[in-house]
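A quick write-up on the structure given underneath.
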Amino acid sequence: MKSASGSRAAEARALRWLGAPALALYLAFVIGPLLGVAALSLFQWDGVGPARFLGLANYTRALFGDPIFVRSFFNNALYIGLTLGMEVGFGLLFAAALQARLPLAGFWRALFFSPMILSMVVVGLLWSFVLNPDFGMLNAALRQAGRSDWERSWLGDEGTALVAVSAVSGWRYAGFYMALFAAGLRRIPGEVLEAARLDGAAEGTLFRRITLPLLAPVTAVAVLLCVTGGFQSFDLFFVMTDGGPFHSTEIPALWMIKKAFNRQSLGYGSALGVLMTLAVAALGYWQIRLRREDAE
């Protein structure tokens, strides 16, 4: 008995030593910078001159004196809502279609996933040309189809800019979620589906009543990744719209960078970063807790 307990204790010590380097790196490159940003958020500093202590004034200004920052959260929430449908929704549909053994399934799988190999900056530049109101392919195709009345300045119109950026994000990431759901579909026991078919269940009912509930854990992960990733979409917005027109595509990450570096207000930009981090952490915690409650 003693030898067994001693072996477990030795194994626990070995695991602690093995995890120590990863923990040290995490503290040095994640927790350390976060604490530094939190400390900097209490000061007014332009990055060159002396810093002046302000306390919580930067946070008060962000929450009650900066309507653009508040609006950026609404823009980000709308963007996340749109991308949930375009990325997660289409990813699930693509995975289900490929699971149905379509002809040339390997080709379609590679085609759907291929946008993931491009960097987000390249994707943004590519689609900026496609959506250009003067020489873009989309307006040209509408003219050729006799629908000139549908032409828009897609990235220059407040009503279409955020939807256009969301569609581009969906085009890039739908293949990633397709791969995620495809892995989940492969884990569903075939016997369960066959038994339901023998009982006379139609394919639509089968998908709705059996496949979707069994994919719930994968769906939860997909939604969490999409929500948290939606707060990190600085590069796509920066390349395609830079927050315009009239701040209709301004998101917290983009506004934070503008305030911190373009306007040399590192203290205020740090406060915006802390608030954004807290918002993402709260959303992640809320979703994980909901998932645990469902599991219980």
Side-chain angles (χ1 to χ4, degrees), residues 1-43 45 47 51 53 55-56 58-59 62 76 80 87-88 91 113 116-121 172-173 175-177 179-184 186-187 215-236 238 251-254 256-257 259-261 266-296:
M1 184 67 71
K2 290 184 178 179
S3 62
S5 61
S7 176
R8 285 195 295 270
E11 183 179 351
R13 285 195 299 271
L15 289 174
R16 283 197 292 270
W17 279 109
L18 289 172
L23 178 61
L25 290 173
Y26 183 77
L27 291 174
F29 294 104
V30 178
I31 301 301
L34 281 176
L35 293 177
V37 169
L40 185 59
S41 69
L42 304 176
F43 293 83
W45 187 42
F53 182 74
L56 298 177
N58 283 329
Y59 293 96
N76 218 149
I80 289 171
E87 296 174 12
V88 179
F113 192 78
M116 283 296 299
I117 68 176
L118 302 175
S119 74
M120 192 60 90
V121 173
R172 186 186 188 244
Y173 282 109
F176 168 77
Y177 291 103
L180 194 65
F181 281 115
R186 291 192 193 98
R187 297 183 61 184
L215 281 177
V218 179
T219 305
V221 172
V223 171
L224 179 61
L225 289 174
C226 189
V227 171
T228 54
F231 281 96
Q232 302 171 11
S233 300
F234 162 80
D235 41 9
L236 186 62
F238 178 74
I251 59 172
L254 185 57
M256 174 189 69
I257 295 297
K259 283 293 188 179
F261 298 103
L266 293 177
Y268 183 62
S270 298
L272 300 183
V274 170
L275 290 173
M276 188 175 68
T277 302
L278 292 175
V280 174
L283 280 172
Y285 174 76
W286 173 69
Q287 187 174 5
I288 291 172
R289 185 163 183 176
L290 283 179
R291 179 62 192 149
R292 285 179 179 174
E293 290 176 355
D294 290 341
E296 293 173 357

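All residue numbers in this chain count up from 1 along the given sequence.
Ile80 and Gly230 get closest at one heavy-atom pair: CG1-CA, 3.9 Å. The two residues Tyr59 and Leu42 make their nearest non-hydrogen contact at CE1-CD2, 4.1 Å. Considering all non-hydrogen atoms of both residues, Pro252 and Met276 come closest at CB-SD, 3.6 Å. Of all non-hydrogen atoms in Leu40 and Ser270, the two that sit nearest each other are CD2-OG, 3.3 Å. The two residues Ala260 and Gly269 make their nearest non-hydrogen contact at CB-CA, 3.9 Å. Ala62 and Leu272 make their closest contact through CB-CD2, 3.5 Å (heavy atoms, listed as atom of the first residue, atom of the second, distance).
More than 12 heavy atoms of other residues, nucleotides or ligands lie within 6.0 Å of CZ in Phe234, so this atom counts as buried by the packing criterion. By the neighbour-count criterion of 12 heavy atoms within 6.0 Å, atom CZ of Phe29 is sparsely surrounded, having that number or fewer from other residues, nucleotides or ligands.
For the pair Phe113/Met116, a side-chain contact is recorded, criterion being any heavy-atom separation below 4.5 Å from C-beta on. At a threshold of 4.5 Å between non-hydrogen side-chain atoms, the residues Thr277 and Phe231 do not count as touching. Residues Val218 and Leu180 meet the side-chain proximity criterion, which asks for heavy atoms closer than 4.5 Å.
In this structure, Thr219 OG1 and Phe181 CZ are separated by 4.0 Å, a value rounded to the nearest 0.5 Å. Once rounded to the nearest 0.5 Å, the distance linking CG of Leu225 with CD of Glu87 reads 10.5 Å. Atom SG of Cys226 sits about 10.0 Å away from atom CZ of Phe176, to the nearest 0.5 Å. For the atom pair Lys259 NZ and Leu254 CG, the distance stands at 12.5 Å (nearest 0.5 Å). Put simply, CD1 on Ile257 and CG on Asp235 are 11.0 Å apart, with the number rounded to the nearest 0.5 Å. Taking CZ of Phe261 as the start and CE of Met256 as the end, the distance is 7.5 Å to the nearest 0.5 Å.
Remark: the backbone N or O of Leu215 is not paired with any side-chain donor or acceptor of Arg187 at under 3.5 angstrom.
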Pair Phe238-Met120, side chain to side chain contact (heavy atoms under 4.5 Å, CB included): steps then yes or no:
CA-CA 10 Å; Phe238 178 74; Met120 192 60 90; over 6 Å; no

